[in-house]
Enquirer: 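Encoded as structure tokens, here's the structure I'll be asking about.
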Amino acid sequence: MHAHRIGRRILDRATYLEHAATLLNDPEAAAVRSAIGTVSHGGYRPAIPTVVGLLAHAHPMVRRAAADELVRWGRRWSRR
């Protein structure tokens, strides 16, 4: 997670979001929840299928974050 935070400062946006998407498969639920927010707020569309899959995650915090961010994504794109 520390390396990810540093990456936000030194990587270009696309590379940072790509790296954030890899954290969607992290074994730590808090890291996954954080990554969901990052890719969602960054509008990283390639992560959508993975976030949809997280709706069935074992941890309720991850499931809730995935559902909330997918709704937020939908609202954002429906206004375009």
Side-chain angles (χ1 to χ4, degrees):
M1 289 301 295
H2 181 69
H4 184 259
R5 288 186 189 112
I6 291 171
R8 187 173 71 196
R9 293 185 208 133
I10 63 172
L11 299 173
D12 63 88
R13 179 181 170 87
T15 304
Y16 171 70
L17 290 171
E18 184 178 336
H19 284 279
T22 65
L23 291 173
L24 294 172
N25 298 310
D26 196 272
E28 180 65 41
V32 176
R33 184 182 56 81
S34 177
I36 292 168
T38 300
V39 297
S40 173
H41 291 283
Y44 189 65
R45 290 183 180 194
I48 292 173
T50 305
V51 175
V52 169
L54 292 171
L55 293 171
H57 193 276
H59 200 290
M61 175 179 67
V62 172
R63 291 193 306 265
R64 182 64 166 164
D68 290 348
E69 294 304 328
L70 288 168
V71 168
R72 188 170 296 142
W73 253 327
R75 287 182 186 148
R76 186 179 315 137
W77 290 328
S78 67
R79 287 183 253 164
R80 292 182 180 177

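The model shown is predicted, which means the values in this text are computed figures rather than measured ones.
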Enquirer: Output a table of donor-acceptor pairs, distance under 3.5 Å, between side-chain atoms of residues 56-67 and any protein atom two or more places apart or on a different chain; print 'none' if there are none.
Expert:
unit_1 : atom_1 : unit_2 : atom_2 : d
His57  : ND1    : His59  : N      : 2.9
His59  : ND1    : Met61  : N      : 3.0
Arg63  : NH1    : His57  : O      : 2.8
Arg63  : NH1    : Ala58  : O      : 3.1

Enquirer: Can you name the closest pair of heavy atoms from Ala21 and Ala47 and give their distance?
Expert: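 Heavy atoms only, the tightest pair is CB-CB, 4.4 Å.
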Enquirer: Take Leu23 and Val32, measure what side chain to side chain contact (heavy atoms under 4.5 Å, CB included) needs, and give me the verdict at the end.
Expert: CA-CA 6 Å; Leu23 291 173; Val32 176; over 6 Å; no
Enquirer: Taking side-chain contact (heavy atoms from CB on, under 4.5 Å) as the test, write out the residues that go with Thr15, two or more places apart.
Expert: Leu11, Asp12, His19
Enquirer: List the residues meeting side-chain hydrogen bond (donor to acceptor under 3.5 Å, both in side chains) with Thr50, not counting sequence neighbours, and say none if there are none.
Expert: none
Enquirer: Filter on salt bridge (charged side-chain N to carboxylate O under 4.0 Å, His left out), then keep only pairs touching residues 14-24, sequence neighbours left out; what's left?
Expert: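 For residues 14-24: none.
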Enquirer: List the residues meeting side-chain contact (heavy atoms from CB on, under 4.5 Å) with Leu17, not counting sequence neighbours, and say none if there are none.
Expert: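 Here the qualifying residues are Arg13, Thr38, Tyr44.
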Enquirer: Hey, could you give me each pair passing salt bridge (charged side-chain N to carboxylate O under 4.0 Å, His left out) that has a residue in residues 26-38? Not counting sequence neighbours.
Expert: none
Enquirer: List in chain and number order the residues that pass side-chain contact (heavy atoms from CB on, under 4.5 Å) with Val71, two or more places apart in sequence or in another chain; answer none if no residue qualifies.
Expert: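 Residues passing side-chain contact (heavy atoms from CB on, under 4.5 Å) with Val71: Arg75.
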Enquirer: For the pair Ile48 and Val39, evaluate side chain to side chain contact (heavy atoms under 4.5 Å, CB included) and give the outcome as yes or no after the intermediate values.
Expert: CA-CA 9 Å; Ile48 292 173; Val39 297; over 6 Å; no
Enquirer: Does any part of the side chain of Ile36, heavy atoms only, come nearer than 4.5 Å to the side chain of Asp68, both counted from C-beta?
Expert: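 Not in contact.
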Enquirer: Going by the salt bridge (charged side-chain N to carboxylate O under 4.0 Å, His left out) test, which pairs reach into residues 48-57, not counting sequence neighbours?
Expert: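 Residue pairs with at least one partner in residues 48-57: there are none.
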